[in-house]
Amino acid sequence: MILIALHGFFGVPEDWDEVAKKHPDLEVVTPDLSVWATRKEVTDFESFARSMNRSVRILSEERAEPVMIVGYSLGARLASACVLAEPELYRAALLMSVNPGLADGDVEGRQARLEFDRAWAMRMRRSAWAETWKAWNEQVVLKPGSRAIRHAEIVGREDKITRTLEGRREAWARAMEIWSLGHQPDCRQALLSWATGSAAHPRPLTVMTGTEDSKFTELTRAWLGPAASGVGPVRHRLVFGAGHRVLTEAPEDVASEISSLLKSL
């Protein structure tokens, strides 16, 4: 099995290291989204999905292996686009802290989000990086959960990542613009249809949120509703004590859920 793993905004491929260590049996592919954001052919969710799926399909055919996709936050939104662009390519999906999209008719909400993301993009290009990074992490939704730990190794790693990100500020500014939630299609029903569309060959879909990320937990409950009742391929997994950053706060839970999805195939 090949695992395509997409990190979040201001993330790095190394965010998946702890998960990959627990799955030496899988070929874990971790694209760098800041690099993909600079590609001329990538201008929105649809063009990203076409380009990514082309690479994934070639890899799957070369290895003669099926593919599962996992994503966190922005990566989960991009993973959703990949799944819906080529439904037969992916056998299962794990989406963490994901917004499945604003309603198509929510014109005001979409416009407000576009303006919000444009303001952040401008800040990334013009403001002092230390101030931008600090403001980003002070957003209420990114408040660490009670399971989050801080020690010298983690702080040192974050300092290194911060320096790396500063050199990619234009890439992330462009990512904020082309992958704004204001541009994202409403994927709610389409993702449920992808998972449940074939009784003979269901495609497991897990949406994971931290119990201390009330915004995304409630969003997911409202979205999945009865579909995640425990019967069928759709599941809402709550991670106790985690905030929005489930991937880095609870990598063992992420690895465990991947194992569960594999067993269900």
Side-chain angles (χ1 to χ4, degrees), residues 5-11 15-16 18-19 70-80 93-106 108-117 119-120 132-150 154 158 176 179-192 195 204-230 232 234-258 260-261:
L6 306 181
H7 60 73
F9 200 91
F10 280 158
D15 289 345
W16 294 99
E18 292 303 312
V19 174
V70 300
Y72 157 70
S73 198
L74 169 65
R77 296 196 285 124
L78 291 169
S80 300
L94 168 59
L95 308 177
M96 291 170 275
S97 305
V98 64
N99 191 323
L102 301 175
D104 290 333
D106 186 4
E108 290 185 4
R110 286 185 175 275
Q111 186 59 40
R113 183 56 187 246
L114 287 171
E115 292 174 2
F116 176 85
D117 289 344
W120 266 110
T132 301
W133 180 245
K134 184 174 183 290
W136 179 265
N137 286 294
E138 287 178 346
Q139 294 181 93
V140 174
V141 73
L142 297 180
K143 179 182 177 181
S146 57
R147 275 176 62 172
I149 59 173
R150 296 187 63 82
I154 290 180
E158 288 186 351
M176 181 65 76
W179 296 328
S180 168
L181 184 64
H183 290 312
Q184 179 182 320
D186 181 355
C187 299
R188 284 172 290 187
Q189 187 53 53
L191 284 168
L192 292 180
L205 167 65
T206 294
V207 182
M208 179 179 282
T209 61
T211 57
E212 296 181 23
D213 178 7
S214 58
K215 176 180 178 179
F216 278 77
T217 293
E218 291 306 314
L219 176 67
T220 300
R221 283 174 173 158
W223 163 34
L224 298 183
S229 62
V234 179
R235 182 182 183 198
H236 180 193
R237 175 162 176 173
L238 289 164
V239 182
F240 180 76
H244 186 77
R245 288 168 161 155
V246 173
L247 175 58
T248 51
E249 290 185 9
E252 63 278 11
D253 290 73
V254 177
S256 172
E257 186 59 32
I258 290 172
S260 296
L261 286 168

With Phe9 as reference, evaluate Trp179, Trp120, Tyr72, Trp136 under the ring-ring contact (aromatic ring centres under 6.0 Å, His included) test and give the passing residue.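 It is Trp136, the one option of Trp179, Trp120, Tyr72, Trp136 that forms the ring-ring contact (aromatic ring centres under 6.0 Å, His included) with Phe9.
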Side chain to side chain contact (heavy atoms under 4.5 Å, CB included) between Phe216 and Val141: does it pass, once the steps are laid out? CA-CA 9 Å; Phe216 278 77; Val141 73; 3.7 Å; yes
Leu192 CG to Leu205 CG distance, which is reported to the nearest 0.5 Å: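 Taking CG in Leu192 and CG in Leu205, the distance rounds to 7.0 Å.
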Atom CG in Leu94, atom CG in Leu261: separation rounded to 0.5 Å?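 CG of Leu261 is found 6.0 Å from CG of Leu94.
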Using modelled atom types only, decide if a donor and an acceptor are shared between the side chain of [X] and the backbone of [Y] within a distance under 3.5 Å.
X: Arg110; Y: Leu102; answer: yes
X: Glu257; Y: Met208; answer: no
X: Ser80; Y: Ala76; answer: yes
X: Glu249; Y: Pro144; answer: no

Sequence neighbours excluded, which residues qualify as side chain to side chain donor-acceptor pair (under 3.5 Å) partners of Lys215?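 Per chain and number, Lys215 pairs via side chain to side chain donor-acceptor pair (under 3.5 Å) with no residue.
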Contacts of type side-chain contact (heavy atoms from CB on, under 4.5 Å), residue [X], not counting sequence neighbours:
X: Phe240; answer: Thr211
X: His236; answer: Thr209, Thr217, Thr220, Arg221, Leu224, Ala228, Leu238
X: Ala112; answer: none

Any side-chain heavy atom of [X] within less than 4.5 Å of one from [Y]?
X: Pro204; Y: Arg235; result: no
X: Arg245; Y: Asn137; result: yes
X: Leu95; Y: Leu191; result: yes

Take atom CD of Gln139 as the centre, draw a 6.0 Å sphere, and report whether it contains more than 12 heavy atoms from other residues, nucleotides or ligands.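 Yes - once you tally the heavy atoms of other residues, nucleotides and ligands closer than 6.0 Å, there are more than 12.
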Please assess Leu247 against Val19 for the test side chain to side chain contact (heavy atoms under 4.5 Å, CB included), listing each intermediate value before the final yes or no. CA-CA 8 Å; Leu247 175 58; Val19 174; 4.0 Å; yes
Residues Lys143 and Asp213 bridged, charged N to O under 4.0 Å: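 Asp213 and Lys143: not salt-bridged.
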Run the salt-bridge test on Asp253 and Arg147 with the 4.0 Å N-O cut-off and return the result as yes or no.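 A salt bridge links Asp253 with Arg147.
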Show every donor-acceptor pair shorter than 3.5 Å between a side-chain atom in residues 182-189 and any protein atom, with sequence neighbours excluded, or say none if there are none.
| residue | atom | partner | partner atom | Å |
| --- | --- | --- | --- | --- |
| Gln184 | OE1 | Arg77 | NH1 | 2.8 |
| Gln184 | NE2 | Asn99 | O | 3.0 |
| Gln184 | NE2 | Pro100 | O | 3.4 |
| Asp186 | OD1 | Arg188 | N | 3.2 |
| Asp186 | OD1 | Arg188 | NE | 2.9 |
| Asp186 | OD2 | Arg188 | NE | 3.4 |
| Asp186 | OD2 | Arg188 | NH2 | 2.7 |
| Gln189 | NE2 | Ser193 | OG | 3.3 |

Where do Gly210 and Val246 come nearest, in terms of heavy atoms and distance?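 Answer, listing the atom of Gly210 first, then Val246: N-CG2, 3.6 Å.
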Would you say the rings of Trp133 and Phe10 are close, in the sense that their centroids are separated by under 6.0 Å?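 Here the rings of Trp133 and Phe10 have centres that are less than 6.0 Å from each other.
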Under the rule for ring pair (Phe, Tyr, Trp, His ring centres under 6.0 Å), what residues qualify as partners of His7, not counting sequence neighbours?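 Partners of His7 under the ring pair (Phe, Tyr, Trp, His ring centres under 6.0 Å) test: none.
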